[in-house]
Chemist: 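Sharing a structure, written as C-alpha cells. Questions coming.
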Amino acid sequence: MRASLRYLALGLAGALGVSGTVLGGSAAVAHDDGRHGGRGSPVTAELPKVPVMTGGGGAVSSVDPLASQVGIDVLERGGTAADAAVAAAATLGVTEPYSAGIGGGGFFVHYSAETGEVRTIDGRETAPATFTEDEFLGEDGEPLDFATVVSSGKSVGVPGTLATWEVAAEEFGTMDLHDLLRPAERIAARGFAVDENFHEQTAQNAERFATFPETAGLFLRDGEAPAVGTVFRNPDLARTYRTIRHEGTDVFYEGEIGRALVDESREPTTAEGVEVLPGELTLEDVGAYEALLKDPVSTEYRGLEVYGMGLPSSGGITVAETLNLLEAYDERTGTGLSEVSESQYLHRFSEATATAFADRNRWIGDVEGVPVDELLSQEFADERSCLFDPAAAQERPIPFGEPDGDYAACGTSGARQPQPAGGVSTTHLNVADRWGNVVAYTLTIEQTGGSGITVPDHGFLLNNELTDFNFVPVTEGVPDPNLPGPGKRPRSSMSPTIVLEDGEPWMSVGTPGGATIITTVAQILTGHIDRDLELVDAVAAPRLSSRNGAEEVDLGLAESEVGRQLSGLGHRLVPPPRRWIGNASAIRFLDGNRFEAVAETERGYGGSAMVVHPDR
Ligand code: GLU
C-alpha cells in the first residue's frame with residue numbers, strides 16, 4: 001500500500017510576501033465564476049495530494065496541499081515548526097473553513113529541541129460566565145434537542161484559536177502573526193480551487209447554511225455547493241486576517257471583531273421564518289479569554305515516551321490508559337500484542353479502548369480534582385485489565401473503575417454508563433523543523449460547519465463547541481465532570497500526540513473525528529509500533545472505534561474474515577455514521593535528521609505530506 005509518488009514542492013515562493021508575486025502566479029486551472037471578486041489571480045496551481053514524502057529540512061503533513069505548502073515555505077525561510085504550524089493552520093482556516101478557523105479552538109503540542117521539553121497550549125473555547133449546569137435543559141427539565149442547539153448561538157464558545165496562534169508564535173516561534181497570516185490572507189483574497197472535499201462538506205450543510213443568510217451568501221451559489229474546480233474566494237476573511245495582522249489580536253478579543261462575533265452569537269441573523277436559540281456570550285467573556293500554556297500528559301509504551309494533551313481534553317489521558325491496558329494484557333496473557341493474530345490484536349484493542357472510555361466518561365472534564373495521575377498510572381491499568389478475557393468481549397458498557405491508588409483487588413464498583421454524544425469533524429497537522437522542534441496541532445469548530453453562523457462581513461464560521469458538554473449527567477446519581485458551567489471548557493477528545501525515544505522525536509500524529517480521535521490515534525500508534533506496519537499503512541488500515549458501546553469499523557472490516565472472527569468473540573461491529581473514521585496524518589523521524597511525512601491514502605479524499613528537501 002505504500003505510495004511511492006514523489007513530488008517536488010512547488011514552493012509558493014513569496015507566500016510570505018518576502019520576494020513578491022507568487023501566490024496566483026502559477027497556472028490558473030480553475031474556472032472563475034466571477035463572484036466574490038478578489039484581489040489578483042486565484043491560487044489554483046494544482047498541488048497534488050501526496051501521501052508520503054521523505055527527506056530533510058523539515059516536514060509538514062495535513063489534509064490540504066495548500067496548507068502543507070504554506071508550512072513548507074515558512075520552514076524554508078527559516079521559520080520554526082511553531083511558525084509553520086501557525087501559518088498552515090491559518091491557511092486551513094481558509095481552505096478547510098468547516099473544520100478550522102479563528103471561530104474555533106484547539107490543542108497545540110510542542111516539543112522543543114533546545115530544552116527537550118514537551119509543552120502544550122490549551123486553546124479550547126470557554127462557556128459564557130452566565131452558563132449554569134442546567135443550561136441545556138428546557139423548561140420541562142428535559143434536555144434540549146441536540147441538533148437545535150448545534151445550529152444556534154447557544155452552542156458558541158469564546159474562540160481560542162487566534163490566542164493559540166499568538167502564544168505559539170511568542171513562545172516557540174521566531175516570526176510574528178503579521179507575517180504568519182499573510183499567505184492565508186492572500187489565498188483568501190485570491191481564491192483557491194474548490195475540491196471534492198470542500199464541495200461535499202458544503203453540500204452536506206447546504207440546507208443548514210441556507211437558514212443563515214450570511215453563511216449562505218459566503219458558501220453557497222444559488223443555494224448549492226460551489227462546483228468542483230471553481231474558484232472560491234473569501235474577501236471578508238482576507239480583510240479580517242489583514243486587520244488582525246495590522247492591529248494585533250486585541251481587535252479580536254477586545255475590539256471590533258469581538259463585538260461582531262458577540263452580536264451575531266447573541267442574535268444570529270436568520271432567514272425569514274427561521275428562529276434559533278440566542279447565545280449568551282458577552283464582550284467581557286471574549287476579553288477574558290486566555291490560551292493556556294500547560295504541561296502535557298504522558299505514558300511510557302514499549303520504551304517510548306508518548307506525550308499528549310491533558311485537560312480539558314480527554315485525548316492524552318485516554319490514549320495513555322489504552323496503551324497501559326494493552327501492556328497489562330500482555331502480562332496477563334503472557335503473549336505480546338505483536339505476536340497475536342489480527343483478530344486477537346483488534347479484540348485486545350477494542351477491550352482496552354472501551355475500558356479507557358468507561359473511565360474517561362466518568363472522571364474527565366474541566367473540573368478540579370480529576371485523578372489524572374492515577375488514570376495515567378500503570379497500576380490502575382493493571383487493575384482494570386483483570387476483566388479482560390482473550391476468548392470473549394466484555395459486556396458493554398463496561399463499568400468504570402476507581403482510580404483511587406488502591407489497586408489490590410480486581411473489581412469495579414462503578415456503574416455501566418452509556419456513551420455520551422460526540423462530534424464528527426476537525427483537522428490535524430504535524431510540523432517538524434530542521435532543528436528538531438515538533439508540533440502536533442488539532443483544531444476544530446466542532447461539527448463540520450460549526451454552528452452554521454458566519455460573523456457578518458468577517459468571513460468565518462462560529463464554533464458549536466459547547467455541545468461537547470453533556471446536556472444531562474450521563475448516569476443519574478453519578479457525578480458528571482462534563483456538565484456546562486461558567487467559563488468552563490467542554491471536554492474534548494482531540495489527541496495531538498508526540499512520541500519521543502530517549503528524549504528525541506520519534507513520531508507526531510493526530511486526526512479529526514470527535515471521540516473516534518482517541519481510538520484512531522491509539523490504533524495508528526499500535527499499528528506502527530506493535531504490528532510492524534509502515535506508518536502510512538498504519539494510517540490507512542481499517543479502523544475499529546470501540547468507545548464502550550457498539551463498535552464502529554470502517555473500510556470493509558466488518559465483512560472481512562477478521563471482522564467475522566471479532567463478531568465470533570462477541571463484538572458488535574457497526575458501520576460509522578460517516579463513510580470513514582478520521583483523516584489522520586503523521587510524521588516519523590528518521591536517522592540523519594530526515595523525516596517521513598505521512599497522510600491518508602484511503603479516507604476523506606486523502607491528505608498532503610511534504611518535506612522541504614525531498615529525498616535528501
Ligand atoms: N469537538 C470535538 C472534540 O473536541 C472535535 C470535533 C470533532 O472532531 O468532531 O473532541
Side-chain angles (χ1 to χ4, degrees), residues 15-16 60 62 64 66-68 70-71 73-75 79-97 99-110 119-126 157-188 237-238 240-255 257-258 261 286 289-294 309 426-431 433 437-445 455 458-463 465 494 496 510:
L16 284 169
V60 182
S62 79
D64 177 55
L66 272 176
S68 293
V70 164
D73 286 351
V74 172
L75 293 177
T80 64
D83 290 324
V86 170
T91 304
L92 290 171
V94 179
T95 58
E96 291 277 321
S99 307
I102 55 175
F107 298 107
F108 192 102
V109 179
H110 181 266
R119 297 281 283 157
T120 72
I121 305 170
D122 166 6
R124 188 65 161 171
E125 297 88 337
T126 51
V158 180
T161 288
L162 191 58
T164 304
W165 297 348
E166 184 168 46
V167 173
E170 271 173 13
E171 292 288 326
F172 311 122
T174 54
M175 299 179 166
D176 60 30
L177 283 186
H178 180 80
D179 293 326
L180 296 174
L181 299 191
R182 193 194 313 252
E185 180 197 322
R186 290 190 172 190
I187 294 168
L237 183 57
T240 300
Y241 276 165
R242 186 141 45 119
T243 305
I244 295 167
R245 286 180 52 229
H246 289 285
E247 297 182 30
T249 57
D250 280 358
V251 70
F252 189 95
Y253 287 102
E254 289 169 25
I257 303 174
L261 86 82
V286 177
Y289 188 82
E290 274 184 276
L292 305 168
L293 261 180
K294 294 180 171 176
M309 191 66 218
T426 280
T427 195
H428 177 82
L429 67 147
N430 309 278
V431 185
D433 65 31
N437 302 301
V438 187
V439 171
Y441 182 25
T442 312
L443 63 162
T444 188
I445 59 172
V455 180
H458 289 81
F460 66 93
L461 283 157
L462 290 171
N463 69 83
E465 216 71 55
M494 290 190 274

Chemist: What distance do Phe252 atom CZ and Thr161 atom OG1 have between them, rounded to the nearest 0.5 Å?
Modeler: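 Phe252 atom CZ to Thr161 atom OG1 measures 8.0 Å (nearest 0.5 Å).
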Chemist: Ser68 and Val60: side chain to side chain contact (heavy atoms under 4.5 Å, CB included), yes or no, with the steps?
Modeler: CA-CA 6 Å; Ser68 293; Val60 182; 4.0 Å; yes
Chemist: Which heavy atom of Leu443 sits nearest to which heavy atom of Ala89, and what is that distance?
Modeler: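 It is CD1-CB, 4.2 Å.
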Chemist: Could you tell me which non-hydrogen atom of Pro159 sits nearest to which non-hydrogen atom of Asn463, and how far apart they are?
Modeler: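 Heavy atoms only, the tightest pair is CG-ND2, 4.2 Å.
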Chemist: Check the angle between the aromatic planes of Phe108 and His110 and answer parallel, tilted or perpendicular using the 30° and 60° thresholds.
Modeler: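 The arrangement is parallel - the two ring planes meet at less than 30°.
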Chemist: Please report the closest heavy-atom contact between Gly510 and Asn430, naming both atoms and the distance.
Modeler: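 Closest heavy-atom pair between Gly510 and Asn430: N-OD1, 4.2 Å.
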Chemist: For the residue pair Ala163 and Tyr253, what are the closest heavy atoms and their distance?
Modeler: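 For Ala163 versus Tyr253, the nearest heavy atoms are N-OH, 3.2 Å.
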Chemist: Give me the atom names and distance for the closest heavy-atom approach of Ala168 to Ala82.
Modeler: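 Ala168 and Ala82 have their closest heavy atoms at O-CB, 3.9 Å.
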Chemist: In Å, rounded to the nearest 0.5 Å, how long is the span from CD1 of Ile187 to CZ of Arg182?
Modeler: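 Ile187 atom CD1 to Arg182 atom CZ measures 13.0 Å (nearest 0.5 Å).
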Chemist: Output the distance between atom CD (Glu125) and atom OH (Tyr289), rounded to the nearest 0.5 Å.
Modeler: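 Answer for the CD-OH pair, Glu125 versus Tyr289, is 7.0 Å.
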Chemist: If you look at every heavy atom in Ala184 and Val94, which pair is closest and at what distance?
Modeler: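 For Ala184 versus Val94, the nearest heavy atoms are O-CG2, 3.5 Å.
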Chemist: List the steps, then state whether side chain to side chain contact (heavy atoms under 4.5 Å, CB included) holds for Thr442 with Thr426.
Modeler: CA-CA 7 Å; Thr442 312; Thr426 280; 3.3 Å; yes
Chemist: Show the numbers, then the answer: is there a side chain to side chain contact (heavy atoms under 4.5 Å, CB included) between Arg119 and Leu293?
Modeler: CA-CA 7 Å; Arg119 297 281 283 157; Leu293 261 180; 3.9 Å; yes
Chemist: Report yes if some heavy atom in the side chain of Arg124 is under 4.5 Å from a heavy atom in the side chain of Glu465; otherwise report no.
Modeler: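 The answer is yes, as the side chains (C-beta and beyond) meet within the 4.5 Å cut-off.
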Chemist: Return yes if some donor-acceptor pair links the side-chain N/O of His178 with the main-chain N/O of Arg245 below 3.5 Å, else return no.
Modeler: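 Checking the backbone N and O of Arg245 against the side chain of His178, a donor-acceptor pair under 3.5 Å is found.
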Chemist: Could you check whether any side-chain heavy atom of Asp122 comes within less than 4.5 Å of a side-chain heavy atom of Met309, counting everything from C-beta outward?
Modeler: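 Yes, side chains in contact.
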Chemist: Hey, what do you get for CG (Leu181) to NE2 (His246), rounding to the nearest 0.5 Å?
Modeler: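 Answer rounded to 0.5 Å: 10.5 Å.
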Chemist: Do other residues, nucleotides or ligands put more than 12 heavy atoms under 6.0 Å from Glu171 CD?
Modeler: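 Yes.
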Chemist: Could you tell me whether the side chain of Leu180 reaches within less than 4.5 Å of the side chain of Trp165, counting heavy atoms only?
Modeler: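 No, every pair of side-chain atoms sits at 4.5 Å or beyond.
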Chemist: So, His428 side chain and Ser62 main chain: donor-acceptor pair closer than 3.5 Å or not?
Modeler: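 Between the backbone of Ser62 and the side chain of His428 there is no qualifying donor-acceptor contact (under 3.5 Å).
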Chemist: Hey, what do you get for CD1 (Ile102) to CD1 (Ile244), rounding to the nearest 0.5 Å?
Modeler: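 Interatomic distance, Ile102 CD1 to Ile244 CD1, rounded to 0.5 Å: 4.0 Å.
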Chemist: Is Asp83 reaching over with its side chain to a backbone N or O of Met175, donor-acceptor style, under 3.5 angstrom?
Modeler: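 Indeed, once roles are kept as given, a pair shorter than 3.5 Å links the two residues.
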Chemist: When rounded to the nearest 0.5 angstrom, what is the spacing between CG in Leu292 and CZ in Phe107?
Modeler: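 Leu292 atom CG to Phe107 atom CZ measures 10.0 Å (nearest 0.5 Å).
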Chemist: With a 3.5 Å cut-off and no angle check, do the side chains of Asp433 and Thr80 form a donor-acceptor pair?
Modeler: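 Thr80 and Asp433 do not have a side-chain donor-acceptor pair below 3.5 Å.
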Chemist: Has the side chain of Tyr241 got a donor or acceptor atom that lies under 3.5 Å from a matching backbone atom of Ala188?
Modeler: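 No; judged by distance alone, with no hydrogens or angles, the pair does not exist.
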Chemist: Could you please spell out the steps behind the side chain to side chain contact (heavy atoms under 4.5 Å, CB included) verdict for Leu462 and Leu261?
Modeler: CA-CA 8 Å; Leu462 290 171; Leu261 86 82; 4.1 Å; yes
Chemist: With side chains defined as the heavy atoms from C-beta onward, is the minimum distance between Thr427 and Thr444 less than 4.5 Å?
Modeler: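 Side-chain contact under 4.5 Å: no.
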